[in-house]
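One structure below.
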Amino acid sequence: MNKSENVVTRFAPSPTGYLHIGGARTALFNWLFARKNKGKFILRIEDTDRQRSKQEYVEDIIEALRWLGLHWDEGPIFQSQRLDYYNSIIERLLKEGKAYYCHCDPEELEKKKKEAMARGEKPRYDRKCRDLGLGPAPGAVVRIKAPLIGITQFKDIIKGNISVPNEELDDIIIRRSDGTPTFHLAVVADDIDMGINYIIRGDDHLNNTPKQIIIYQALNASIPKYAHIPLILGPDRSRLSKRHGAMPVLNYKEMGYLPEALVNALARLGWSYGNQERFTVEELIEKFSLERVGKSPGIFNAEKLLDLNAWHIRNSSDEYLAKELVPFIKKLGIQEVTEQDTIKLVSILKKRSKTLVEMAEKSLFYFGMDVEYEEDAEKNYLTPQVLALLSDLTDRISKLESFGQKNLEEVFIKFLDDHKIKLKEIAQAIRVALTGKTVSPGLFEMMEVLGKEKVVYRLKRAIEHIKRKTVME
RNA sequence: GGUCCCAUCGUCUAGUGGUUAGGAUACCGGCCUCUCACGCCGGCGGCAUGGGUUCGAAUCCCAUUGGGACCGCCA
């Protein structure tokens, strides 16, 4: 292969399920590799199995890839629309004597297979029709003529040299009796046609590769480079499936994860760059390489994703976060929320939130005039002892012209000094008055965000509350 | 069963013959401090086992064990 050749990669999911993190990572590696090398990334939908393929899954996959920011340069190309092309390839193989019609009865074959398994032999087609020179017939399939001797080998970028004795290979079916091409044929035909020169896919295809190389050879096509990435395993170390942890990628969106965080986590599962753990998408493109992908399978670590998400939230711009946060706040029933509101909230909440869901929940103190006191908070901090202090503080704050953190701090310094107390002694009471809770962002930044009107209102309400409580006792 | 692949803290990983085996996460302490968080400091915890090769193996070789994948008219 010459050096000027442009990299062309593809992600080729079959729409028989939603996109989960395994597929997403395969897509990511293909995308990163193409971007890194200024190449092309193609999206191809492998929907030759009409029974299992569903339109809703196509849509899910596309939406998930878009959300992750893995934009493709070509496609989506649907295999179901290219049947004529596959048939022309099959006809060519037939004509050149590299494939043949097989009339064997499927049930009989199945029986033989089971018997072979029972005897401890490898289940394989006995090649009965291989040299019979049969023609098309109802129920007939087309098989590839695999070489009988020798070895098929290739160098995988990640796994190294892989070789398989040809005796192990079968004359696999390339066209079903209904005339549709099988997976192996369609994949190879498409990859040749689309000029795919780097095939980056899951480890589960490692055993398929020799079978596909045989098709390449029969077609006299140049064989692409392969990179088989190790699988992502479930917590029980078995292949990731819907049952454990293999959530749809779009669920992470709903749970308040940033796509950048998921991309970061997925990239670091299998790929590494020294001791660096946290990457922006730009950094990943710059630093990604297939040589640094590990060989062993890994388990997806949700804790790490959470940490990464917190980091990406902390390091995102307020504007971006505000935009992303709005729908989450609305989901909590605050319909009147604006991006203006959230941008202020985000600035004080981004260091304290691991997800957008959490951030939305923490935003709630801002909305409405009244706050609801948590029972223990009210009992422990809204006490008669702080009544005079709160009254005086409210007076002082009411007189403030501009309501910035600086001004507030100045007022507090004077206030604390006059009363000979530490901030510590009154902070929690103020916090409860303003938020109803014992945990919140810093007092001054929070007051600035709330604005003078709400701060004074809530302080006065707390004072009234204490008075009322005192009288009742 | 056959073939192929894999094996460092619980998890993700760095490491390519000489390191007190490093980082991240989680967990536990401490500092900072108006609470929480952030940040900072410290701790816990690992080379699957057995043989070689070598002056010297996490690193190279073999075996064992364990795990995974594939063996479809699914992809």
Side-chain angles (χ1 to χ4, degrees), chain A residues 12-17 46-49 51-53 79 102 106 109-110 113 116-124 139-143 156 158-160 162-165 167-170 172-184 186-187 202-211 228 230-231 233 235 237-239 265 268-278 292 294-308 310-311 314 348-354 362 377 381 412 422-432 435 437-444:
Chain A
S14 62
T16 52
E46 309 218 325
D47 56 348
T48 50
D49 182 351
Q51 274 81 332
R52 294 203 304 146
S53 297
Q79 286 191 326
C102 169
L109 254 28
E110 189 61 31
K113 191 173 292 175
M117 286 277 250
R119 267 179 276 126
E121 291 168 19
K122 55 200 82 169
R124 204 172 44 186
V141 298
V142 176
R143 291 180 182 272
D156 189 272
I158 294 164
K159 304 277 184 181
I162 309 289
S163 69
V164 177
E167 296 115 78
E168 299 296 330
L169 270 21
D170 209 349
I172 57 165
I173 293 172
I174 56 175
R175 183 162 71 193
R176 302 185 188 102
S177 53
D178 68 358
T180 58
T182 59
F183 164 70
H184 292 295
V187 164
D203 215 343
D204 49 337
H205 287 296
L206 200 60
N207 289 291
N208 287 331
T209 304
K211 299 174 199 170
H228 285 93
L231 257 25
L233 269 26
R237 299 218 132 255
S238 70
R239 187 181 176 167
R268 274 297 280 104
L269 216 198
W271 174 82
S272 63
Y273 191 81
N275 278 336
Q276 188 175 349
E277 299 284 344
R278 293 159 173 176
R292 295 201 62 91
K295 292 181 180 185
S296 52
I299 298 168
F300 183 69
N301 192 189
E303 288 168 344
K304 200 124 174 187
L305 171 63
L306 196 59
D307 175 72
L308 248 14
W311 183 82
R314 256 178 270 141
I348 62 171
L349 292 175
K350 63 202 271 191
K351 279 194 162 50
R352 306 166 215 270
S353 310
K354 289 184 191 295
K362 287 189 156 83
Y381 297 108
F412 266 78
K422 294 262 172 54
L423 180 56
K424 208 177 211 145
E425 298 167 58
I426 190 71
Q428 284 302 71
I430 299 170
R431 193 180 314 282
V432 174
T435 68
K437 300 179 191 337
T438 54
V439 173
S440 84
L443 244 30
F444 303 120

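Within every chain, numbering begins at 1; the chains are lettered A, B, ... in the order of the sequence lines, protein sequences first and strands thereafter.
Spacing between B:U65 and B:C27 at atom P, rounded to whole Å, works out to 38 Å. Taking atom C1' on both nucleotides, B:U19 is separated from B:C47 by 13 Å, rounded to a whole Å. Comparing B:C32 with B:G68, their P atoms sit 50 Å apart, to the nearest whole Å. Annotation: B:A26 and B:G45 have their C1' atoms spaced 11 Å apart (nearest Å). Taking atom P on both nucleotides, B:A58 is separated from B:U16 by 13 Å, rounded to a whole Å. Taking the C1' atoms as reference points, B:U20 lies 24 Å from B:C12, given to the whole Å. One P atom belongs to B:C5, the other to B:C38, and the distance between them is 45 Å to the nearest Å. The separation of B:G67 from B:U49, taken at their C1' atoms, amounts to 15 Å, rounded to a whole angstrom.
A:Arg52 places its CZ atom 13 Å from the C1' atom of B:C73, with the value rounded to the nearest Å. Spacing between atom CD1 of A:Ile299 and atom C1' of B:G10 amounts to 9 Å, rounded to whole angstrom units. Between the C1' atom of B:G72 and the CD1 atom of A:Ile172 lies a distance of 11 Å, rounded to the nearest Å. Following rounding to the nearest Å, A:Asp49 (CG) and B:C74 (C1') show an atom-to-atom distance of 6 Å. Spacing between atom CD1 of A:Ile158 and atom P of B:A7 amounts to 13 Å, rounded to whole angstrom units.
Comment: A:Arg278 engages A:Asp307 in a salt bridge, judged by a side-chain N to carboxylate O separation of less than 4.0 angstrom. Electrostatic pairing of A:Asp47 and A:Arg52 does not count as a salt bridge here, judged by no charged N lying under 4.0 Å from a carboxylate O.
Under the Watson-Crick or G-U wobble criterion, with both distances below 3.5 Å, B:C55 is paired with B:G18. Base pairing of B:C74 is not made with any nucleotide, judged by Watson-Crick or G-U wobble geometry with both donor-acceptor distances under 3.5 Å. Across every strand in view, B:U3 sits in a pair with B:A69 that passes the Watson-Crick or G-U test at under 3.5 angstrom. The pairing partner recorded for B:C38 is none, the criterion being a Watson-Crick or G-U wobble arrangement whose two distances lie under 3.5 angstrom. B:A26 makes up no base pair with any nucleotide shown, lacking Watson-Crick or G-U wobble contacts both under 3.5 Å.
Between B:C5 and A:Lys159, no contact under 4.0 Å exists linking OP1 or OP2 to a side-chain N or O.
Of the two residues contacting RNA chain B, namely A:Thr182 and A:Ala265, the nearest-nucleotide position lying further toward the 5' end is that of A:Ala265. Toward the 5' end of RNA chain B, the nearer of the two residues A:Ser272 and A:Val141, judged by each one's closest nucleotide, is A:Ser272.
One N or O on the side chain of A:Glu425 and one on the backbone of A:Lys422 form a donor-acceptor pair closer than 3.5 Å. Between the A:Arg292 side chain and the A:Ser272 main chain, a donor and an acceptor come within less than 3.5 Å of each other.
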- Message: Please determine whether salt bridge (charged side-chain N to carboxylate O under 4.0 Å, His left out) holds for the pair A:Asp170 and A:Lys211, giving the CA-CA distance in whole Å, both sets of side-chain angles, and the decisive distance to 0.1 Å.
- Response: CA-CA 8 Å; A:Asp170 209 349; A:Lys211 299 174 199 170; over 6 Å; no
- Criterion side-chain contact (heavy atoms from CB on, under 4.5 Å) on A:Lys437 and A:Arg431, from CA distance to verdict: CA-CA 7 Å; A:Lys437 300 179 191 337; A:Arg431 193 180 314 282; over 6 Å; no
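Across all strands shown, A:Thr180 has no heavy atoms under 4.0 Å from either base or sugar-phosphate atoms. Among the atoms of the strands shown, none is found under 4.0 Å from any heavy atom of A:Gly294. At the heavy-atom level, A:Arg292 lies under 4.0 Å from the strands shown only through sugar-phosphate atoms.
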- Query: How does protein contact run along nucleotides 59-71 of chain B, one letter per nucleotide 5' to 3', with B for base contact, S for sugar-phosphate only, - for none, heavy atoms under 4.0 Å?
  - Reply: --------SSBSS
- Item | Contact letters for nucleotides 22-40 of chain B, in which S counts primed atoms plus P, OP1 and OP2 and B counts the base, heavy atoms under 4.0 Å | BBBSS-------BBBBSS-
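When the salt bridge (charged side-chain N to carboxylate O under 4.0 Å, His left out) test is applied to A:Arg143, no partner is found at least two apart in sequence or on another chain.
Among all heavy-atom pairs drawn from A:Ala12 and A:Glu46, the shortest one is CB-OE2, 3.3 Å. Counting all heavy atoms, side chain and backbone alike, A:Ile173 lies closest to A:Thr182 at O-OG1, 2.8 Å.
Atom OG of A:Ser163 is separated from atom CD of A:Glu168 by 11.0 Å, given to the nearest 0.5 angstrom. With values rounded to the nearest 0.5 angstrom, A:Asn301 atom CG is found 10.5 Å from A:Arg268 atom CZ.
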